[in-house]
Each structure stands twice: as C-alpha cells, then as structure tokens.
**Q** 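Below you'll find the structure I mean.
Everything numeric in this text was worked out from a predicted model, so none of it was measured.
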Amino acid sequence: MPSTLVHMAFAGLLAAALLQNTFDRRAILVVMAVTAIPDLDSFIALVSVAGHRTVLHTYLLPAALGVALAADTRWRARSVVRRRWGEWGVAVGWMSIVCMAVAGIGLDFIEAGVNPLWPLHDQFYVLNGKVELSDKRGLVQTFVEVDLDGGGSGGGGTNGSGGGGGGPSIAPENIGSSQEVNMSTGVDPDPDGNQKDPERVFPIVRAGWQLHLLLTGFAVTAARLWRED
C-alpha cells in the first residue's frame, strides 16, 4: 500500500500539471495537506472498528466537499471562498478535492482496497485487472467480467467470455466489510489484538513503482516551484 508521502508526491505532480497562475508554495502545501487527510483514519481505528481505509477513504468525502465548494462559489450571491482568498482559493480548493479523490483515495483503491461508499455501503473493494491486445484472443480485459452462457461464477473476463450469472460483473473485487477487514498500520500495528509486542512499521515505499512515483512527483513539484520563482 502506498505511504502518505507517495500520495503527496502524486498530488504534487497533479497540481504542477494542472494549476496555472495559482501554483505557488502555499498552494502546494494546501493540496498535499488535503491529500493526506484520508490517512488520518489510522487514528480513528484505535477507537473504532470502522477505521483505516474506511471512515476517510470514502469517495463521499470529496463528493461532499465538492458540493460544498460548488454551492459557495457558484450558487451563493457572495462566495466566502472568493471574498477571503479570491480566485486562488477557488482553484486550489478544486485542485485539493481532485487530489484527495485521485491521489489520496485512488492510489489505495488499487491493489490494497478501500471502503469507497462508507457509510452508505459498508464494503471494501480493490481495483485490480488488466487490458491488453492479443493477436490470438483479441482485446483482453479483466476489469469487467461478462457471461454470455449463464453458467457459474466468473472466469477471467476476457473479451466477453467466461462464466458468470448471465450478465456483466463489474470490478472492483469485494473483499469484505469494515467488520471483517482490519488494516495494520504503524499507528495500529495489530488491529486484531493477536500479538503481544507487534512491530510498528511506518512505510515510505514498498514497491519500485512507488519509489518512481515519489521521486518523480517531488522532482516535478520542485522544478515547477523553481520555475515560478
């Protein structure tokens, strides 16, 4: 699972690419701070079963923030955000919400799993799959499994073939509810309470692609700041 630093690096990369005249040191600090908010549910896990990857890793959070920002900047007669921070605040606000959804929650959605619709729907999902073009099998994808035969459970989702229940079965894969899935973190290394003296591990990078993203993200962010200066 990506560390908070990897999330922040990805957010910096997105902000450097998408923010125009509003990109500055203050903007990147705000964007990275908002992107890191979902990982604060590691502390909630200390007092609640519904904790890490659940309470703040729900897409309802950035959706609610987006509605609130739209209501203030588009529907109110006098916007609080514009009055206090001007157009800088509007642009950075939208960028922060996008980065929370894409860099903060989205990276955890891949391979590790999140509870994306909690509390409306308490289930963890993980997004795994592939799309490739084969000279023998045609377009092969495993994100959506389609059953044309009405047979048993899915079997690979390649180009509309495989078993299933007579219709499309859409990934991501369901891996259980917040009562069944407990995520180990440096804050709460033994959520099940099975170890006498568990090791606290605070990850920085745990895969080559994470190291690549971390270095690239922070390098691009620093280069953009240097250019703006």
**Q** With N194, which residues qualify under side chain to side chain contact (heavy atoms under 4.5 Å, CB included), at least two apart?
**A**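 N194 satisfies side chain to side chain contact (heavy atoms under 4.5 Å, CB included) with D190, D192 only.
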**Q** Supply the atom-to-atom distance I105 CD1 to L56 CG, rounded to the nearest 0.5 angstrom.
**A**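 Those atoms lie 8.5 Å apart.
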**Q** Measure from the side-chain N and O atoms of S184 to the backbone N and O of P189, and report whether any donor-acceptor pair falls under 3.5 Å.
**A**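 Checking the backbone N and O of P189 against the side chain of S184, a donor-acceptor pair under 3.5 Å is found.
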**Q** What residue pairs, at least two apart or across chains, pass salt bridge (Lys or Arg N to Asp or Glu O under 4.0 Å) with a residue in residues 87-106?
**A**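 Checked against salt bridge (Lys or Arg N to Asp or Glu O under 4.0 Å) - neighbours excluded - the pairs reaching residues 87-106 are R82-E87.
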**Q** Between CZ of F218 and CG of L13, what distance do you get to the nearest 0.5 Å?
**A**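 Here the rounded value is 11.0 Å.
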**Q** Does one hydrophobic cluster hold both L69 and V80, with members joined at side-chain heavy-atom distances below 4.5 Å?
**A**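 L69 does not cluster with V80.
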**Q** Quick check: is I28 connected to W226 through a chain of hydrophobic side chains (ILVMFWY, heavy atoms under 4.5 Å apart)?
**A**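 No, no single cluster joins them.
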**Q** For I175 and V181, which heavy atoms make the closest approach, and how far apart are they?
**A**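 I175 and V181 have their closest heavy atoms at O-CG2, 3.3 Å.
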**Q** Does anything in residues 205-225 pair up under salt bridge (Lys or Arg N to Asp or Glu O under 4.0 Å), and if so which pairs, sequence neighbours excluded?
**A**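 Every salt bridge (Lys or Arg N to Asp or Glu O under 4.0 Å) pair that includes a residue of residues 205-225, provided the two are not neighbours, is R224-E228.
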**Q** Measure across S96 and V34 and return the closest heavy-atom pair with its distance rounded to 0.1 Å.
**A**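 In this case the closest contact between S96 and V34 is O-CG1, 3.7 Å.
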**Q** Given the rule that I, L, V, M, F, W and Y join up when any side-chain heavy atoms are under 4.5 Å apart, are M95 and V81 in one cluster?
**A**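 Same cluster: M95 reaches V81 through Ile, Leu, Val, Met, Phe, Trp or Tyr contacts under 4.5 Å.
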**Q** Keeping to residues at least two apart or across chains, list the salt bridge (Lys or Arg N to Asp or Glu O under 4.0 Å) pairs with something in residues 24-42.
**A**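 Qualifying pairs: R25-D229.
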**Q** Check T54 against F124 and note the closest heavy-atom contact, atom names and distance.
**A**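 Heavy-atom minimum between the residues: OG1-CZ, 3.1 Å.
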**Q** Report yes or no: do W209 and I110 belong to one cluster of Ile/Leu/Val/Met/Phe/Trp/Tyr joined by side chain heavy-atom distances under 4.5 Å?
**A**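 No, no single cluster joins them.
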**Q** In chain order, what residues pass the ring-ring contact (aromatic ring centres under 6.0 Å, His included) check against H7, with sequence neighbours excluded?
**A**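 ring-ring contact (aromatic ring centres under 6.0 Å, His included) list for H7, sorted by chain: empty.
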**Q** Taking atom NE2 of H121 as the centre, report whether more than 12 heavy atoms of other residues, nucleotides or ligands fall under 6.0 Å from it.
**A**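 Correct, the count exceeds 12.
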**Q** Roughly how far apart are W88 CH2 and N21 CG, rounded to 0.5 Å?
**A**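 If I round to the nearest 0.5 Å, the distance is 13.5 Å.
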**Q** According to side chain to side chain contact (heavy atoms under 4.5 Å, CB included), who are the partners of A64, at least two apart in sequence or on a separate chain?
**A**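 Applying side chain to side chain contact (heavy atoms under 4.5 Å, CB included) to A64 gives none.
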**Q** If you measure from CD1 on I204 to OG1 on T4, what distance do you get to the nearest 0.5 Å?
**A**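 Between atom CD1 of I204 and atom OG1 of T4 there are 11.0 Å.
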**Q** Which residue pairs pass the salt bridge (Lys or Arg N to Asp or Glu O under 4.0 Å) test with at least one member in residues 64-73, sequence neighbours excluded?
**A**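 Residue pairs with at least one partner in residues 64-73: D72-R76.
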**Q** Name all residues meeting the side chain to side chain contact (heavy atoms under 4.5 Å, CB included) criterion together with R78; count only those two or more places apart in sequence or in a different chain, and write none if there are none.
**A**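 Testing R78 for side chain to side chain contact (heavy atoms under 4.5 Å, CB included), a comparison that skips the adjacent residues, returns R83.
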**Q** Side chains of F23 and L225: does their closest heavy-atom pair fall under 4.5 Å?
**A**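 Yes. Closest side-chain heavy atoms under 4.5 Å.
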**Q** Between V126 and A112, what is the shortest heavy-atom contact and its length?
**A**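 Nearest heavy atoms, V126 then A112: CG2-N, 3.9 Å.
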**Q** Excluding sequence neighbours, so at least two apart, what forms side-chain hydrogen bond (donor to acceptor under 3.5 Å, both in side chains) with S42?
**A**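 Per chain and number, S42 pairs via side-chain hydrogen bond (donor to acceptor under 3.5 Å, both in side chains) with H52.
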**Q** Distance-only check: which donor-acceptor pairs under 3.5 Å involve side-chain atoms of residues 113-120, not counting sequence neighbours?
**A**
| residue | atom | partner | partner atom | Å |
| --- | --- | --- | --- | --- |
| N115 | OD1 | Q123 | N | 3.1 |
| N115 | ND2 | D122 | OD1 | 2.7 |

**Q** Restricting to side chain to side chain contact (heavy atoms under 4.5 Å, CB included), what partner residues turn up for V102, sequence neighbours left out?
**A**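 F10, L14, V98.
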**Q** Using every non-hydrogen atom in the two residues, find where N174 and G176 come nearest and quote the distance to one decimal.
**A**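 N174 and G176 have their closest heavy atoms at OD1-N, 2.9 Å.
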**Q** Looking only at non-hydrogen atoms, find the nearest pair between A103 and A11 and report the distance.
**A**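 Looks like CB-N, 3.8 Å.
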**Q** Rounded to the nearest 0.5 Å, how far apart are CE of M8 and OG of S3?
**A**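 The OG atom of S3 is 9.5 Å from CE of M8, to the nearest 0.5 Å.
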**Q** Take atom CG in L60; do more than 12 heavy atoms of anything else shown fall under 6.0 Å from it?
**A**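 Yes, the 6.0 Å shell around CG holds more than 12 heavy atoms from other groups.
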**Q** To the closest 0.5 Å, what do you measure between CG (L5) and CG (L211)?
**A**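 The CG atom of L211 is 11.5 Å from CG of L5, to the nearest 0.5 Å.
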**Q** Restricting to side-chain hydrogen bond (donor to acceptor under 3.5 Å, both in side chains), what partner residues turn up for Y59, sequence neighbours left out?
**A**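 By the side-chain hydrogen bond (donor to acceptor under 3.5 Å, both in side chains) rule, Y59 matches no residue at all.
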**Q** Examine distances only and state if a side-chain atom of S48 and a backbone atom of I44 form a donor-acceptor pair shorter than 3.5 Å.
**A**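 Side chain of S48 to backbone of I44, a donor-acceptor pair under 3.5 Å: no, none is there.
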